Each structure stands twice: as C-alpha cells, then as structure tokens.
Q: 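Structure below; questions to follow.
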Amino acid sequence: MDIDALLPQFAAQLFELFAALALAPLLTGWVNQWRARLQGRTPPPLLLPYHTLMKLFGKEPLLAHNASSLFRVAPYLIFSCMALAAAIVPTLSSELLFAPAADAIALVGLFALARVFIALAGMDIGTAFGSLGARREMLIGFLAEPALLMVFFTASVISGSTSLATIVDTLAHREFHIYPSLAFAGVAFTMVSIAENGRVPVDNPATHLELTMIHEAMILEYSGRHLALIEWAASLKLFAYSCLGIALFFPFGIAQTLGPGALAIAVALMVGKLALGGFLLALIETLSAKMRVFRTPEFLGSAFLLAVLAVLVHLLLEGSR
Amino acid sequence: MNAWLSTLPGLPFAGQLINLCAAIMLLIAFAMLSQRRISSLIRLFALQGAVLCLSTAVVAQSTGQDHLWWSALITLLLKVLLLPWVLRRLVQRLSVKWDVETLINIPTTMLVGIGLVIVAFNVAQPISELAGTITRSTIGIALACVLLAFLMMITRSKAVPQVVGFMSMENGLFFAATSATYGMPMVIELGVALDVLVGMVVFGVFFFHIREKFDSLDIRHVEEKARHD
C-alpha cells in the first residue's frame with residue numbers, strides 16, 4: 001500500500017480518536033441528564049462532565065504517603081487503554097488504520113489490562129474500601145469477560161473473522177439478513193456492558209455508600225488530574241461500549257469509504273444512535289433496582305449462557321444445511 | 001465457513017422470520033426458567049403464545065396452508081388471552097405472589113438447560129434432514145423448548161409454576177408440529193387445544209383442593225402424604 005492510500009486512513013483514524021475523546025464526556029452528561037429527568041429530578045447541565053474535568057485538571061493531585069509509583073502511573077495507563085479501545089472500535093468508518101493491529105479478542109484484553117491496573121491501584125494505598133472495591137471489580141470482571149468473548153465469537157462465526165472492521169463490513173454492507181443469534185448476543189452484550197460500566201443493576205456510578213459501591217470505592221484516593229483522567233477514561237469506556245454495541249447490532253450507516261460526505265453522514269447517524277442508546281441506558285437504569293453484590297454472578301452467568309446460546313442457535317439455524 | 005456464507009442469502013425472508021421467532025421462543029423459555037416472580041412467569045407464558053401465533057401465521061402465509069390460520073387464531077385466543085387470564089385470576093384468588101421456589105438454584109438450572117439445548121439440537125439433526133419444510137431447522141429449537149419446559153416442571157416445587165411449565169411444553173410441541181409437518185390435522189389440533197383447556201380447569205380445581213388439604217401449594221407436601229399412606 002502506498003503512502004497516498006494510507007494518508008486518508010490515517011486522517012480518518014485521527015478524526016475518530018479525537019471525536020471519541022471529545023464526545024465521551026458529552027455522552028456521560030446526556031445519560032446523567034436523562035436519568036435525572038426520568039427520576040423526576042432537575043437535570044444537571046449537559047456539559048457538566050466537561051466542567052468537572054476542567055476543574056479537576058486545574059487542581060493539585062494529593063498522594064497518600066505510602067502511595068507507590070504504580071498508583072501514580074495507573075491513571076495514565078487506564079486512560080491510554082480506553083483511548084486505544086475507542087480508536088479500535090469502528091465508530092464512523094470500517095476503513096481504519098489501526099483495525100488490522102487489534103481484533104475483538106485484543107480489545108477484550110485491553111479492557112482487562114485497564115481493569116487489572118485500576119484494581120491494583122485501588123489496593124495500593126491499603127485502605128479497606130480500595131481493596132473491597134478491587135475485589136468486587138475483579139469478581140465482576142472475571143464473570144463478564146467470557147460472556148463478552150462469546151458475544152464476539154458469535155459475530156466472528158457469522159462473518160468469518162475476529163477483526164472488528166470485517167465484522168462490521170459483513171453485517172452492514174452485505175445483503176440484509178435476519179440473524180436470530182444476534183438477538184441473543186445483543187441481550188447478552190447489553191447485560192455485560194451494564195456490568196462493565198458500573199451501571200445501576202450492578203453498580204451505581206453516583207453512589208458513595210460503602211455497602212454498594214464498586215468503581216467509586218477503588219478511586220476514592222485519587223484527586224486532581226489523576227481523578228480527571230480516570231473519570232475521562234470511564235466516560236471513554238462507556239462511549240467505546242456504546243459504539244461496540246452499535247457496530248455489532250445496528251451497524252447501518254457506518255461509512256465504507258473515506259470521502260468527507262460519507263463520513264459526515266456517518267457522524268450524523270452515529271450521534272443520533274448514541275443519543276438514543278444513552279436514553280435507553282438511562283431508562284434501564286431507572287426501571288431496575290440495584291441488586292445485591294452476591295446476585296451479580298447470577299446476572300452475569302445468565303449473560304454468558306445467552307451468549308453461548310447465541311453461538312448454538314447460529315450453528316443450528318444459520319449454519320450448514 | 002464460506003459454504004455457510006454462500007447458502008445464507010438463499011433462505012427466503014419468511015424462513016428467516018420463522019427462525020427469528022424460534023430464537024425468541026427459546027429465549028423466552030430460558031427467561032421462564034430463570035424467573036422468580038409468578039406474575040412475570042404468566043406474562044412470559046402469554047408472550048411465548050404470541051410469538052407462537054406469529055410464527056404459525058408466517059408459516060400459513062408463506063406456504064398457503066389455510067388450516068394453519070385457524071391454528072394461529074386458536075393459539076391467539078387460548079394461549080395469549082384466555083389461559084393467562086385464568087392463571088392470573090387463580091393466582092389472585094389463591095393469593096400467591098412470590099410463589100416461585102426452586103429445588104435447585106437458578107444458575108445450576110440454567111446450566112442444565114444449556115446441556116438440554118445441546119442434546120435437543122443433536123437429536124433433532126437427523127429429523128430435520130428428513131423433513132422437507134422450510135421451517136425444518138427450527139425442529140431442534142422446538143424440542144429444546146419442550147425439554148426446557150420439562151426442566152421447569154421438575155425444578156419448581158410449587159403447583160402454579162409447574163402448570164405454567166406444562167402449558168409451555170404444549171407450546172413447544174405445537175411449534176414442533178408446525179415446523180416439522182406444517183401442523184397436525186385440524187381434528188387433532190382442536191383436540192389438543194380442548195385438552196389443554198380442560199387440563200387448566202382440572203388444575204384450577206386441584207389447586208384449591210391441595211391448598212385446603214395442606215395449607216400450601218407446595219407439591220412436596222403431597223409427596224410426603226403419599227409416602228406415609
């Protein structure tokens with residue numbers, strides 16, 4: 001491939017990365033706003049997450065006396081993992097420069113890497129809350145990961161490749177076909193992403209109640225720019241998961257070429273789909289009650305079973321005949 | 001894998017729709033298996049009936065088998081409207097709300113369910129190769145629905161969920177008949193529908209007798225009584 005062909009791909013990749021970085025807090029703000037509205041509270045401003053980030057970046061980070069270097073490095077690592085994840089997911093176009101570098105399995109690995117570091121950082125200071133949150137996070141993580149992998153395997157079996165770009169190409173740009181297995185995979189993916197992003201039936205992102213918090217418990221010791229990076233990374237994770245869901249289950253409109261026109265349409269469609277997805281997430285969060293931590297294995301176990309069923313159904317209904 | 005991809009677009013749209021209905025039936029069967037609350041169980045049963053009705057209608061439309069329209073109509077009236085209504089009234093009159101108690105815990109039940117699905121798929125493979133209908137690949141799913149309903153009847157200790165399991169098993173059988181042979185003859189279908197209705201009435205009477213005798217709807221009391229006699 002010569003340099004002339006690479007340049008537009010590089011530009012599209014950069015554009016997508018920066019779009020993800022810029023839009024991720026907006027999605028979080030949008031979800032929070034709808035949550036408040038559905039619960040009958042006055043909604044916070046849409047741009048509140050940006051103000052929080054700016055405020056936190058301006059503050060001096062405070063470190064505990066016994067904080068190791070890992071504690072200081074972790075926010076940067078987590079942030080770069082999530083930024084890379086957001087760059088790999090084919091959000092706007094399936095012609096991405098990074099796409100051959102990492103497939104769906106590597107993406108799960110990236111999420112796992114970020115999780116390990118946030119859990120280690122949570123335990124680093126040695127407070128009770130930190131290690132409690134870290135243990136709960138690892139419990140959820142080790143149950144959610146196989147389910148997420150099985151969802152990806154379903155899509156991979158359909159398209160014959162684990163590369164996300166190929167999967168999206170197959171699902172979006174071939175002749176229209178109903179895949180019943182994707183219905184199962186979609187339900188499983190929704191359950192996994194709710195658990196992974198610390199949303200209501202599993203964890204509450206707005207709580208500081210010691211009995212229930214998971215994500216918040218790990219990052220209690222962080223302040224200043226470290227906290228800002230972690231909050232931004234959490235928004236990016238939600239953004240990456242939403243884009244993954246859209247790419248796997250509603251991929252229509254993702255650009256196949258790199259022309260400015262196709263990209264503009266893709267951006268408009270993507271913003272619309274994300275807005276709808278954020279609203280649905282807020283709806284799920286409002287309608288369901290937070291469950292006990294010990295019920296989460298059952299929740300994620302069902303997600304895994306549904307994902308396994310998706311593969312089985314694919315082999316039976318859509319398989320060789 | 002390429003062979004699959006090349007055969008996929010050949011399937012007509014109606015066939016795809018029926019496959020989707022089959023998948024949703026299986027999904028509902030699993031949801032029923034994992035459900036703890038009795039009112040949701042009845043709602044899921046009604047939903048399963050609705051999906052069954054839809055798939056029967058699609059088969060009728062796409063194959064021109066006129067008697068299937070009647071089957072779809074009977075399904076709609078009986079399994080979507082009448083039986084859930086009767087069940088709801090029964091539950092209200094027996095005042096059982098949180099009545100779903102399982103003998104094995106739910107994750108284990110689900111794991112057993114997955115095993116049953118694999119068995120059903122394997123058993124149905126040779127049958128579906130013999131069948132000549134467009135819906136033949138759904139036979140495995142119909143069989144899986146029957147087995148999952150069986151499992152639900154086995155693992156629930158209370159009477160009402162067991163009856164819902166029985167009804168749901170009939171749904172699975174009906175679906176299997178539609179997908180394997182485009183439905184049974186009308187006389188048999190009417191007979192089965194009547195049987196389910198009569199069964200419901202008998203169960204309703206039984207519920208009250210069980211509760212009167214044992215002060216509970218737990219089937220285990222009945223078993224103990226039988227053992228002592």
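Bear in mind the structure is a predicted one, so any value in this text is a computation, not a measurement. Side chains included, hydrogens not; waters and symmetry mates left out as well; all remaining heavy atoms used. Naming convention: chains lettered A, B, ... in sequence-line order (proteins, then strands); numbering from 1 in each chain.
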Q: Give the interface residues of residues 115-123 of chain B toward chain A, defined by a heavy-atom separation under 4.5 Å.
A: B:Val117, B:Ile118, B:Phe121

Q: Got a sec, which pairs hit side-chain hydrogen bond (donor to acceptor under 3.5 Å, both in side chains) with one end in residues 99-109 of chain A, sequence neighbours left out?
A: A:Asp103-A:Thr162

Q: Indicate yes or no: at least one non-hydrogen side-chain atom of B:Leu27 is less than 4.5 angstrom from one of A:Leu306.
A: yes

Q: Counting only heavy atoms not in B:Arg89 (residues, nucleotides, ligands), do more than 12 fall under 6.0 Å from its CZ?
A: no

Q: Nearest heavy-atom pair of A:Val313 and B:Ala23: which atoms, and what distance?
A: CG1-CB, 4.4 Å

Q: What residues of residues 291-304 of chain A sit under 4.5 Å from chain B when you count only heavy atoms?
A: A:Arg295, A:Glu298, A:Ser302

Q: Does A:Phe250, at its CZ atom, have more than 12 non-hydrogen atoms belonging to other residues, nucleotides or ligands within less than 6.0 Å?
A: no

Q: At what distance, to the nearest 0.5 angstrom, does CG of A:Leu309 lie from CD1 of B:Ile114?
A: 4.0 Å

Q: Which pairs, with at least one residue in residues 149-173 of chain B and sequence neighbours excluded, count as a ring-ring contact (aromatic ring centres under 6.0 Å, His included)?
A: B:Phe166-B:Phe203

